[in-house]
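Only one structure is covered here, and it is reproduced in the block below.
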2 protein chains.
Amino acid sequence: MPSGAAAMSATRAEELSRQFKAIADPNRLRLVSLISSSAENEACVCDLTEPLDLGQPTVSHHLKILVDAGILHREKRGVWAYYSIVPGSLDALAGVLTEPK
Amino acid sequence: MPSGAAAMSATRAEELSRQFKAIADPNRLRLVSLISSSAENEACVCDLTEPLDLGQPTVSHHLKILVDAGILHREKRGVWAYYSIVPGSLDALAGVLTEPK
DNA sequence: GAATGATATCGACGGTTGTCAATGTGTGGG
DNA sequence: CCCACACATTGACAACCGTCGATATCATTC
């Protein structure tokens, strides 16, 4: 975020904060990590409940927050819901922190 | 954060969430932006109160959070406190989001 | 050393957040 | 059709967060 660029607008800051808030939770960070480090780059709720040691409703809640923030993608196949990372979403956030040009 | 790497540990997730929480606020995002886009890459509280339209105690509070998270550096010169970005701190966070290897 | 000005800290208030137990929804099998 | 299963939603609660007004600290000037 080096100098040379103009300062961030208030509305832009609001948008970005929503996405950063979605990641700024230990359990959600682990969710993203678990999904991205999985074999097929996707995981269902049942695969994520145990490693986080959280109840199923809580995991679903965190996943919803990540989906609403545009970071995760939800695809229902049969009885299971598969979550995957939206391509480029994390890189876009990373860019904000480096972006200076 | 692509696949291939191992999943994030719980304690590592706690550490990272502290830093992401520090940034995950609209006003603090603007603070970082204002400081990094300033001429000398530093700013005092009096320079930051007006553009954010917040009271001085509130701005000091936000700055303290960013300092505690290791993102800002505080240097007192005379009566003023100059805040600057800790070199590499934001890039380290950005790396977590890209880092997949 | 009293007064001024820049920051920091404190206490309180409403709003948000993470968690869980309970319940709802929807799919597939028998 | 009913049951079992995977997941989502609701409601409630404690804990945390952002904001402000009031006050404290601390360096400078007269």
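In this text, all values refer to a predicted model and were calculated from it rather than measured experimentally. Numbers restart at 1 for each chain; the letters A, B, ... are given by sequence-line order, proteins then strands.
A:His62 NE2 to A:Arg30 CZ: the interatomic distance, rounded to the nearest 0.5 Å, is 11.5 Å. Atom CG of residue B:Leu63 and atom OH of residue B:Tyr83 lie 5.0 Å apart, to the nearest 0.5 angstrom. Separation of atoms CD1 (A:Ile71) and OG (A:Ser89) is listed at 6.0 Å; rounding is to 0.5 Å. Separation of atoms CG (A:Leu90) and CD1 (A:Ile85) is listed at 5.0 Å; rounding is to 0.5 Å.
The footprint of chain A on DNA chain D, defined by a heavy-atom cutoff below 4.0 Å, extends from D:dA6 to D:dT9.
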Under 3.5 Å donor-acceptor pairs involving side-chain atoms of residues 16-25 of chain B, not counting sequence neighbours:
residue : atom : partner : partner atom : Å
B:Ser17 : OG   : B:Glu14 : O            : 3.3
B:Lys21 : NZ   : A:Ala24 : O            : 3.0
B:Asp25 : OD2  : B:Asn27 : N            : 3.0
B:Asp25 : OD2  : B:Arg28 : N            : 3.2

Would you give me the side-chain donor-acceptor pairs under 3.5 Å for residues 45-57 of chain A, sequence neighbours excluded?
residue : atom : partner : partner atom : Å
A:Thr49 : OG1  : A:Val45 : O            : 3.1
A:Gln56 : NE2  : A:Ser60 : OG           : 3.3

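Distance alone, capped at 3.5 Å, places no donor-acceptor pair between the A:Ser33 side chain and the A:Leu29 backbone.
As judged by a 4.0 angstrom heavy-atom cut-off over every strand, B:Tyr83 is placed among residues touching the sugar-phosphate backbone only. Among the heavy atoms of the strands lying under 4.0 Å from B:His61 is at least one base atom, whether or not backbone atoms are also near.
Under the 4.5 Å side-chain heavy-atom criterion for Ile, Leu, Val, Met, Phe, Trp and Tyr, A:Tyr82 and A:Leu31 are members of distinct hydrophobic clusters. Hydrophobic clustering (side-chain heavy atoms under 4.5 Å, transitive across Ile, Leu, Val, Met, Phe, Trp, Tyr) keeps A:Val67 apart from A:Ile65.
Only B:Ile65, listed by number, bring a heavy atom of residues 63-71 of chain B to less than 4.0 angstrom from any atom of DNA chain D. A heavy atom closer than 4.0 Å to some atom of DNA chain C occurs in no member of residues 14-26 of chain B. Proximity of residues 51-60 of chain B to DNA chain D (heavy atom under 4.0 angstrom from any strand atom) is restricted to B:Leu54, B:Gly55, B:Pro57, B:Thr58.
Base pairing in DNA chain C yields stems of at least 3 consecutive Watson-Crick or G-U pairs, both distances under 3.5 Å, namely C:1-30 with D:1-30.
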Can you check nucleotides 24-29 of chain C for protein contacts, nitrogen or oxygen pairs under 3.5 Å, and list what you find?
none

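The salt bridge (Lys or Arg N to Asp or Glu O under 4.0 Å) contacts involving residues 63-86 of chain A comprise A:Glu42-A:Arg77, A:Lys64-A:Asp68, A:Glu75-A:Arg77, where partners must be two or more places apart or lie in separate chains.
In this structure, B:Trp80 atom CH2 and C:dT4 atom P are separated by 17 Å, rounded to whole Å.
No side-chain heavy atom of A:Leu97 sits less than 4.5 Å from a side-chain heavy atom of B:Asp91.
B:Val79 is linked by a side chain to side chain contact (heavy atoms under 4.5 Å, CB included) to nothing, counting only residues two or more places apart in sequence or in another chain. Checked against side-chain hydrogen bond (donor to acceptor under 3.5 Å, both in side chains), A:Ser9 has the following partners two or more places apart in sequence or in another chain: A:Thr11.
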